[in-house]
2 protein chains.
Amino acid sequence: MRWDDIDKQVCSVARALSVVGERWTMLIIRDAFLGTRRFDQFQSNLGVTRHRLSERLTKLVEHGVLVKVPYQDRPVRYEYRLTRKGLGLYPVLMSLARWGDDWMDKDQGAPLEYVHQTCGNKTHPVLACSECVEPLKPEAVTPQ
Amino acid sequence: MRWDDIDKQVCSVARALSVVGERWTMLIIRDAFLGTRRFDQFQSNLGVTRHRLSERLTKLVEHGVLVKVPYQDRPVRYEYRLTRKGLGLYPVLMSLARWGDDWMDKDQGAPLEYVHQTCGNKTHPVLACSECVEPLKPEAVTPQ
DNA sequence: CATATTAATTCCCAAATGGAACCTTCATAC
DNA sequence: GTATGAAGGTTCCATTTGGGAATTAATATG
């Protein structure tokens, strides 16, 4: 099966990956969450080629993860911003970051720390049950 | 910059993606969480080519996400199981699934439902603060 | 001995990627 | 009005990666 056809699978993970599962895409999203908005900023932050970046941004816009918003006229220039759909990727991003911190920490410590403004503490993300607020662990969850 | 060099970035997301950010890899992990263990099972579930599958499994084993465990002698056959490191990807997987359910739901409803054995309810994953147990939202988290 | 099972590997062609140069629209400076 | 520069792309081409089918390897079974 071609990778391009995975969005036809009856699986939310596969369908999610058909949008954000390509090389560079999640790094673009990461940068977007950290405030990057413009083409050249993305390009120099990521080191991805302009061609690839252009392609990925276009796809993310097509899928409604980013929107192009004009920030000046003459010449018209657009910047890319996360939509609600894009903001919805926050848990994915934070979970990835957390896993990277926990398991891929090659001698250089956690690159970023996070402060939760709501409680004022240094925080890390925990996956919790929507109903009982206890942490969700794979053994305790039955998919049906 | 080459994709292969992203693990050199000082970013946990980039380092995580250097292991699980390639095509098919997260789908292999998904299947592993659902109980798939053997080469041919992965192959027929995913529809990935044997070549690609072999390559990805090898990489996951090298990075300690999966282990090869012999399940018979003569001929020795191995199956692939999630390690603790691999199990650590649960939040990433569940967050992806949740996002797919919420935003990529092409007319066919949520493919899987999840029951939390701890509380007995149908559940979905929520990203919570490790300190105050409130949901973590991007606006309320300051990276430093 | 022939066939089946499971896990790979090889080969060949198609598709995706990386790198660098080029293009377009306008503003500003000379 | 020509030159320079900034922002956001596109084009071109060589290299890398991926897909598909056939093949190999180790052994059990008939």
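Every chain is numbered from 1, with letters handed out A, B, ... down the list of sequences.
- Side-chain atoms of A:Thr25 and A:Leu60, non-hydrogen and from C-beta on, do get closer than 4.5 Å to each other.
- Salt bridge annotation for A:Arg81-A:Glu79: present, with a cationic side-chain nitrogen under 4.0 angstrom from a carboxylate oxygen.
- The separation between A:Tyr71 atom OH and C:dA27 atom C1' is 13 Å, rounded to whole Å.
- Taking only side-chain atoms of B:Asp40, from C-beta outward, the nucleotide of C:dA8, C:dT6, C:dT25 with the closest atom is C:dT6.
- Distance check: A:Ser18 OG to A:His63 NE2 gives 5.5 Å after rounding to the nearest 0.5 Å.
- A:Phe42 comes within 4.0 angstrom of nothing in the nucleic acid, heavy atoms only.
- Note: OH (A:Tyr78) to P (D:dA7) measures 17 Å, nearest angstrom.
- Looking at A:Gln41, its side chain does come within 3.5 Å of a backbone N or O of A:Arg37 through a donor-acceptor pair.
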Return the polar atom pairs (N/O with N/O) between nucleotides 16-20 of chain D and the protein under 3.5 Å, or none.
from: D:dG18; atom 1: OP1; to: B:Arg56; atom 2: NH2; distance (Å): 2.7
from: D:dG18; atom 1: OP2; to: B:Arg52; atom 2: NH1; distance (Å): 3.4
from: D:dG18; atom 1: OP2; to: B:Glu55; atom 2: OE2; distance (Å): 3.4
from: D:dG18; atom 1: O3'; to: B:Arg23; atom 2: NH1; distance (Å): 3.3
from: D:dG18; atom 1: N7; to: B:Arg52; atom 2: NH2; distance (Å): 3.3
from: D:dG19; atom 1: OP1; to: A:Trp3; atom 2: N; distance (Å): 3.4
from: D:dG19; atom 1: OP2; to: B:Trp24; atom 2: NE1; distance (Å): 3.4
from: D:dG19; atom 1: N7; to: B:Arg52; atom 2: NH2; distance (Å): 3.4
from: D:dG20; atom 1: OP2; to: A:Met1; atom 2: N; distance (Å): 2.7

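- Contact annotation for B:Tyr80: backbone-only contact, meaning every heavy-atom pair under 4.0 Å involves sugar-phosphate atoms and none involves a base.
- For the pair A:Leu53 CG and C:dA16 P, the computed distance is 18 Å after rounding to whole Å.
- Regarding contacts with the backbone of D:dG9, a side-chain N or O of A:Lys68 is found under 4.0 angstrom from either OP1 or OP2.
- Under a 3.5 Å cut-off, the side chain of B:Arg56 and the backbone N or O of B:Arg23 do form a donor-acceptor pair.
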Could you list all N or O pairs between the protein and nucleotides 23-25 of chain D that sit under 3.5 Å apart?
none

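- The CD atom of A:Gln41 sits 15 Å away from the P atom of D:dA6 (whole-angstrom rounding).
- With salt bridges taken as basic N to acidic carboxylate O contacts below 4.0 Å, none links B:Glu62 and B:Lys59.
- A:Asp5 and A:Lys8 are joined by a salt bridge, as a carboxylate oxygen and a charged side-chain nitrogen come within less than 4.0 angstrom of each other.
- Of the charged side-chain nitrogens involved, at least one lies within less than 4.0 Å of a carboxylate oxygen, so that B:Arg50 and B:Asp40 count as a salt-bridged pair.
- Using bins of under 30°, 30° to 60° and over 60° for the plane-to-plane angle, the ring pair A:Tyr90/A:Phe33 lands in the tilted bin.
- Put simply, CD on A:Gln43 is 14 Å from C1' on C:dT17, counting in whole angstrom units.
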